[in-house]
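Everything quoted here is computed from the prediction, not taken from an experiment. Order of the sequence lines fixes the chain letters, A, B, ..., with proteins taken first and strands second; residue numbering starts at 1 for each chain.
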Protein chains: 2
Amino acid sequence: MSEAPPRPRGRPARNDRPVEETREAILSAALDIFSRRGFEGASLRDIAAAAGLEHSLVRYHFTDKAGLWRAAMSHLIALMDAHMLESWRTARTQPPVERFRTMVRAYVRYCARHPEHARIMVHETMGDSDRVTWIAEHIIAPQHRALTRLLETLMDEGHIPRSPVRPLIYILSAAAQAPFTLAGEVRAAYGADTSSAAEIEAHTHALLGLVLR
Amino acid sequence: MSEAPPRPRGRPARNDRPVEETREAILSAALDIFSRRGFEGASLRDIAAAAGLEHSLVRYHFTDKAGLWRAAMSHLIALMDAHMLESWRTARTQPPVERFRTMVRAYVRYCARHPEHARIMVHETMGDSDRVTWIAEHIIAPQHRALTRLLETLMDEGHIPRSPVRPLIYILSAAAQAPFTLAGEVRAAYGADTSSAAEIEAHTHALLGLVLR
DNA sequence: TCCATTTTAGTCCGAATGGGCAATAATGCT
DNA sequence: AGCATTATTGCCCATTCGGACTAAAATGGA
């Protein structure tokens, strides 16, 4: 009579991983799964499994599904800031047109490396959960504030046609994200891998060539 | 002792709705829910409820969740064709630049009216289900084939900068869709309703002004 | 009129979900 | 050495999921 092996309940002898590494593994997995399935569609068990853990541990570290979502968003903002910081420092000493080029190049590279970002925006922008409010306040507003001044300068100097800024911002950021957000579509329709360096460069070039003439 | 009202099992006396109307109600609800939650996240019960029916009826009409998805996609293509047909007829007699203007105007209006479309593309482009293959073949390929010829003519005539077509197509279509796919974000960040006629016109104008100079 | 077909709703099932909680090994403070 | 805290797992719960099946009213042809 083979009894089901009564694995003892408590903490496993699984030591060696630094404390912070567990939290980060969970947050990375959460960004991936949330971007793929949306908030409701994502399951704590899938997120935990993607990080190689049990779902109770996710709840231990982040209390709630909602709490995990907020922590994952803060993590995403930190990733973005880290990625853009250097380019932002380079750009601030450049004249407007070059500054724009530098920022677009950096942003396209960021979109290619973190397609979860744009996907999460698409997911969370539906319905009127409090999550969309959080995103608008903590992510969209600062981003757009920074872009608005630069775009107005470019219009004043005649490098881009005069136009209300908001449509322009959405045109530019969506254009920058597209081939990476839709990477699977491009792969299925063209057999191309848009995350390659050559594709990133080609996309940046096409976008800058269209906007600055 | 109030017995739970034993609603008889069978078909309710709910007559009067034309047969085809039930199917269409289900398909419209399916497009909405699929675009909001993705394939796995969407529940037949939610789709049925959105159409005012029981979930068994959805399975009666479309057998499967996968079958419903395919039927909903065909329905979406029919909606798109119906919306674009008239503009396409107008455009074919026009010179290239005007033809481009006509097509962009029509496409932006379509994106505003059917934001589900772009949202579904974002959802289904993740992972490599057979659904992304279906979409690439039945939706993306014909769309891009039609656009490619027009864009090459515009480049030959010097109206847009010379560039590989694929990046250009993704830039243009993402730019056309953005404010409507992200309608909730725009509402939360700016308090604006991008589905209004004025917003649609402003967006079209900004896009055409940037592309054709 | 009768009866087969079509269209609808209700119910049961096994699996998965978010959350609550107990058990317990590791760690670190005193 | 002893003890509180931290980090982790296993298990239980009510709810919901997709799907299979049953019950029955409406419809239309014979």
Find the distance Glu54(B):CD to dA24(D):P and express it as a whole number of Å. 17 Å

Under 3.5 Å, is there an N or O donor on one side and an acceptor on the other linking the side chain of Arg59(A) and the base of dG18(C)? no

Nearest-nucleotide 5' precedence on DNA chain D, Tyr60(A) against His55(B): Tyr60(A)

Validation row: Ile77(B), Asp81(B) side chains within 4.5 angstrom (heavy atoms): yes

Where each residue is assigned the nucleotide of DNA chain D containing its nearest heavy atom, which of Ser56(A) and Ala66(B) is assigned the position nearer the 5′ end? Ser56(A)

Quick one: Asp64(A) CG to dT17(C) C1', roughly how many Å, whole number? 14 Å

Using whole Å, report how far CD of Glu20(A) lies from P of dT6(D). 15 Å

To the nearest angstrom, the CG-P distance between Leu44(B) and dC17(D) comes to 9 Å

Between His117(B) and Tyr110(B), is the ring centroid distance below 6.0 Å? yes

I need the NZ-P distance between Lys65(B) and dA16(C), as an integer number of Å. 14 Å

Starting at CG of Leu57(B) and ending at P of dT22(D), how long is that distance when rounded to a whole Å? 18 Å

When rounded to whole Å, the CZ to P distance for the pair Phe62(A) and dT8(D) reads 11 Å

Any sub-3.5 Å donor-acceptor pair from Thr153(B)'s side-chain atoms to Arg149(B)'s backbone N or O? yes

Nearest-neighbour nucleotide for the Arg45(B) side chain, dC12(C), dT8(D), dT17(C) considered: dC12(C)

Name the closest nucleotide to the Asp46(B) side chain, picking from dG10(C), dC17(D), dG10(D). dC17(D)

Main-chain N/O of Ser35(A) paired with His123(A) side-chain donor or acceptor, under 3.5 Å: yes

Take atom CD1 of Ile47(B) and atom P of dT16(D), then tell me their distance rounded to the nearest Å. 17 Å

